[in-house]
Amino acid sequence: MKSSVQAKRDTLNGLLFASPWILGFLTFVLYPLVASLYYSFCSYDAISPPHFIGLENYRIMLTQDPLFWRSLWNTLYMAIFGLPVSLAAALGIALLLNQRIRGISIYRTIYFLPSITPVVASSVLWMWLLNPQVGLINTSLHRLGISSPPAWLSDPNWAKPALILMGLWAVGGGMVIYLASLQDVPASLLEAASLDGAGRWAKFRHVTVPSISPVILFNLIMGLIGTFQYFTQAYVMTNGGPQDATMFYALHLFNRAFQDFEMGYASAMAWVLFVITLICAIVVFRTSARWVYYAGESS
Amino acid sequence: MASEMEHNAMALAPGANDHCYDHTVSRRRLLTFAAATGASLAGCGRHVKRGPTEIVYWTGWSGHELDVQRKLIAQFNQTHPHIRVVMLSQFGNSGYEKVRIAFAGGATPDVMSTVWADELAAYAMRDVLRPLDAYLIASHRDITKEYMPGIAKMVTIGGKVYGLTVSSSTNFIAYNRKIFLQCGLYPDRPPETVDQLDAAAKRCTAYDANGNFIRYGFRPSDLSMWVYPFGGSWFDESTGEITANSPQNLAALQWMGSYARQYNMRQMQAFSTTFGSSSTPNGPFYVGKTAMESTGEWERAFVERYAPGLSWGWFALPFPTGGRPQSTTLDGSIFVIPAACKHPDEAWEFLNWMTSHDAVKTFCWSIKNVPPLVSVSRDPLFQSDPLFRFTIPIQQGPAAFGPPPLPTWTMLKSAISRAEDSVMLGGEDPARVLNRLQEEAVRQLRRATEELRP
């Protein structure tokens with residue numbers, strides 16, 4: 001039997017080994033987290049000491065800051081329209097790349113490559129592709145006979161669709177995860193379905209999708225979190241313009257904090273974003289019981 | 001000392017300390033050696049203190065302008081043996097955010113030129129900058145006599161001087177003489193009033209058969225600047241009131257809006273961005289896709305670099321009847337000494353030298369900027385140059401305006417640019433937009449004032 005002294009020592013050793021992580025977590029995660037919650041109730045410019053103003057930041061945000069609502073809508077737009085499109089595109093490409101044909105690993109590499117390109121670099125590249133007059137996209141549209149193609153990033157109505165389009169180029173990350181799960185779809189089930197006379201679509205709909213549904217859920221949640229933090233592309237390419245069409249929540253938050261000396265307000269925005277993301281994630285999780293199947297579960 | 005070391009090494013070598021006597025001696029020697037080393041190291045420490053004081057300077061300049069500054073600093077270090085200036089470039093997108101974070105953490109260098117004129121009031125009012133008045137008096141300097149009036153005013157916040165400048169620039173309109181001639185305009189008689197500007201812009205605009213732009217005359221942008229030729233302003237210092245929706249400001253925005261009604265602004269913007277930004281070889285002005293462009297002294301260097309053959313001229317910002325002739329805004333990098341500076345006296349000595357007649361003359365002439373010092377602007381070197389002969393009177397005149405001394409100016413400036421977009425691209429009513437802007441600006445200022453109140 002282990003003596004209690006030994007058990008204590010083991011615990012201490014364990015904690016000691018984990019201490020680099022624990023210290024890092026306390027210093028770089030927990031403290032800033034708690035501090036930002038406190039600052040969200042303060043008027044704080046990051047230079048002078050903060051002073052408590054209660055719910056004032058939240059009141060201003062909800063009642064006096066039109067850009068808050070605008071940026072929230074822009075971000076939700078990306079979640080509602082952009083995210084499903086990119087999830088579907090990733091799955092579509094994964095299905096195509098799940099074929100047994102010669103040189104498939106080369107195709108897989110090609111489709112994955114864009115997602116390891118730094119976002120800033122790909123954003124600059126896409127600024128050229130989306131250039132209304134000389135960009136590759138509009139030049140091609142001209143060739144196809146479309147006389148006045150959209151001005152993309154210069155047009156408030158087309159700026160967000162342009163960013164969604166650009167996002168499709170970098171779906172490689174999600175695609176790889178789909179691909180891995182597609183290879184785990186039980187061949188026995190697919191075979192059984194075939195014997196029962198199921199066509200391609202029926203097999204996809206009733207065997208493949210349920211089998212990979214946990215992975216769809218994972219990609220959906222990660223995509224949701226990523227979309228709510230959409231920042232770099234807008235910061236690099238449009239800086240929120242034209243006419244605030246690409247003023248996303250995180251960009252507005254960043255500008256408030258680092259351009260306007262409103263660190264307290266920015267902290268409040270960050271907590272509101274956290275709550276919104278949390279609610280969305282909970283809703284997705286709750287509804288997932290209806291469409292996500294785990295192996296071993298009876299359906 | 002070398003022989004002593006050898007000796008000790010020998011004494012410590014195995015076999016050398018067979019005798020107890022030798023052993024003790026060697027140990028004693030070792031202690032002596034250690035003590036001697038310690039003493040000499042301590043001596044080194046004292047030596048460092050007697051040597052030059054090192055001050056750290058953060059610069060906001062880059063490229064060839066940075067090279068010029070580097071040469072000046074080498075000259076300063078050579079002529080001031082008791083100070084050594086170490087320059088660190090903070091140029092780039094994140095440079096200015098880094099500056100803000102440095103102020104927040106009290107981790108600022110001794111001197112910095114990485115504060116924009118737009119931000120000076122915000123920093124000064126937060127007490128993170130050292131007022132320079134006492135130093136100026138001690139050095140027998142009077143900036144109201146040395147600097148151009150607009151610039152002296154710009155660096156004075158609440159009656160105290162918080163920074164000095166070494167260069168400045170002027171807003172004016174550059175025009176393509178060849179296009180003027182082709183369109184039946186006299187290249188030697190460029191527009192003076194906004195009516196003349198509008199007429200010239202219309203004449204120079206050309207479309208293809210499908211109604212797409214081949215060339216546009218002029219695209220007005222930057223409302224924060226255009227209110228000045230119209231007699232407007234953003235802040236009335238005598239009353240402490242925001243004046244965003246004054247009749248003059250409204251006239252300026254209505255005038256800009258008239259372009260949005262006359263031309264397809266989205267198409268014009270798309271067309272103008274096609275050729276890259278104005279600081280690239282494909283900038284619309286350099287490839288003849290626009291007849292006129294709002295710019296500054298830097299234009300000359302760009303023309304030399306990107307379109308050496310371009311025949312171009314310049315004219316002051318046009319104004320309406322009853323407006324302000326020869327107006328310009330002032331901005332740019334400001335040299336400041338942060339409150340947390342560790343060597344303020346040495347920092348001042350450096351700043352004093354950098355803003356002296358000779359240093360400013362060298363710097364401004366090398367980078368072809370307007371000298372902010374009156375004495376340098378009168379120098380034959382600058383007076384012999386036609387562009388400087390044109391811009392210096394504007395800089396020195398009564399219509400040269402620095403940023404309003406508001407702690408919320410950067411915030412207001414981005415709100416102004418959004419207001420401009422809603423009129424130019426969104427087709428909104430200028431009066432409504434400015435009223436909204438006024439409300440927002442007043443609210444921001446009230447909040448900041450409450451926050452800054454001790």
Side-chain angles (χ1 to χ4, degrees), chain A residues 42-51 53 56-57 60 63-67 70 120 127-128 130-135 138-139 142 147-159 235-245 247 252 254-265, chain B residues 93-94 96-106 119 122-123 125-128 210-213 265-276 282 289 407-415 417-418 420-428 436 439-440 443-444 447-448 450-454:
Chain A
C42 291
S43 167
Y44 181 46
D45 61 14
I47 292 174
S48 346
H51 69 259
I53 52 166
E56 186 66 6
N57 284 328
I60 290 172
T63 61
Q64 290 180 351
D65 183 5
L67 262 193
R70 187 72 213 260
V120 173
M127 280 167 80
W128 281 105
L130 291 167
N131 185 303
Q133 306 269 332
V134 296
N138 276 8
T139 322
H142 268 296
S147 63
S148 54
W152 301 114
L153 297 172
S154 308
D155 186 330
N157 300 325
W158 280 99
Y235 182 67
V236 173
M237 297 168 77
T238 56
N239 203 15
Q243 272 189 283
D244 301 324
M247 180 58 80
H252 182 37
F254 176 85
N255 286 343
R256 282 280 149 167
F258 294 102
Q259 211 177 63
D260 304 340
F261 292 97
E262 295 265 13
M263 203 57 88
Y265 186 89
Chain B
N93 231 357
S94 61
Y96 289 90
E97 281 135 29
K98 180 174 169 178
V99 168
R100 189 152 296 183
I101 294 163
F103 273 121
E119 308 166 312
Y123 284 130
M125 290 176 185
R126 285 177 169 86
D127 296 328
V128 291
N210 297 327
N212 295 318
F213 283 106
M265 285 322 278
R266 281 185 196 172
Q267 204 187 351
M268 192 189 275
Q269 196 177 15
F271 179 74
S272 73
T273 51
T274 302
F275 304 97
N282 292 327
K289 296 295 177 188
T408 52
W409 174 240
T410 50
M411 215 188 313
L412 178 53
K413 210 175 171 184
S414 55
S417 132
R418 283 202 309 275
E420 178 183 333
D421 272 1
S422 352
V423 172
M424 300 304 278
L425 299 171
E428 276 195 68
R436 210 166 57 207
E439 266 175 44
E440 189 181 344
R443 210 160 47 218
Q444 285 170 352
R447 212 162 116 77
E450 276 164 19
E451 189 179 291
L452 292 171
R453 196 171 293 147

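Predicted model only: the values in this text are computed from it and were never measured. Chain naming here is simple, since letters A, B, ... match the order of the sequence lines and numbering starts at 1 in each.
The candidate from D421(B), N212(B), T408(B), D127(B) with the greatest count of non-hydrogen atom pairs under 4.5 Å with chain A is D421(B). The greatest number of non-hydrogen atom pairs below 4.5 Å with chain A, out of R126(B), M424(B), R436(B), E119(B), is found for R126(B).
Rounding to the nearest 0.5 Å gives a distance of 11.0 Å between CZ of R418(B) and CZ of R70(A). L425(B) contributes atom CG, which lies 9.0 Å from atom OG of S154(A) (distance to the nearest 0.5 angstrom). D260(A) contributes atom CG, which lies 13.0 Å from atom NZ of K413(B) (distance to the nearest 0.5 angstrom).
Residues M411(B) and F261(A) have side chains not in contact (no heavy-atom distance under 4.5 Å, counting atoms from C-beta outward).
Salt bridge present: R447(B) and E262(A) bring a charged side-chain N and a carboxylate O closer than 4.0 Å.
Side-chain N or O atoms of R443(B) include one that pairs as donor or acceptor with a backbone N or O of Q64(A) at under 3.5 Å.
Considering every non-hydrogen atom in both A46(A) and A104(B), the closest pair reads O-CB, 2.9 Å. Between S422(B) and Q243(A) the shortest heavy-atom distance is CA-NE2, 4.0 Å. For Q259(A) against S414(B), the heavy-atom pair with the smallest separation is OE1-OG, 3.9 Å.
D45(A) touches chain B through backbone and side chain together, each having a heavy atom under 4.5 Å away. Of the two parts of I101(B), only the side chain, counted from C-beta on, holds a non-hydrogen atom closer than 4.5 Å to a non-hydrogen atom of chain A. Of the atoms belonging to L153(A), not a single heavy atom falls under 4.5 Å from chain B. Only the side chain of N157(A) has a heavy atom closer than 4.5 Å to any heavy atom of chain B.
Scanning for side chain to side chain contact (heavy atoms under 4.5 Å, CB included) contacts around V128(B) gives I47(A), F103(B), Y123(B), with sequence neighbours left out. In this view, E420(B) satisfies the salt bridge (charged side-chain N to carboxylate O under 4.0 Å, His left out) rule with no residue, not counting sequence neighbours.
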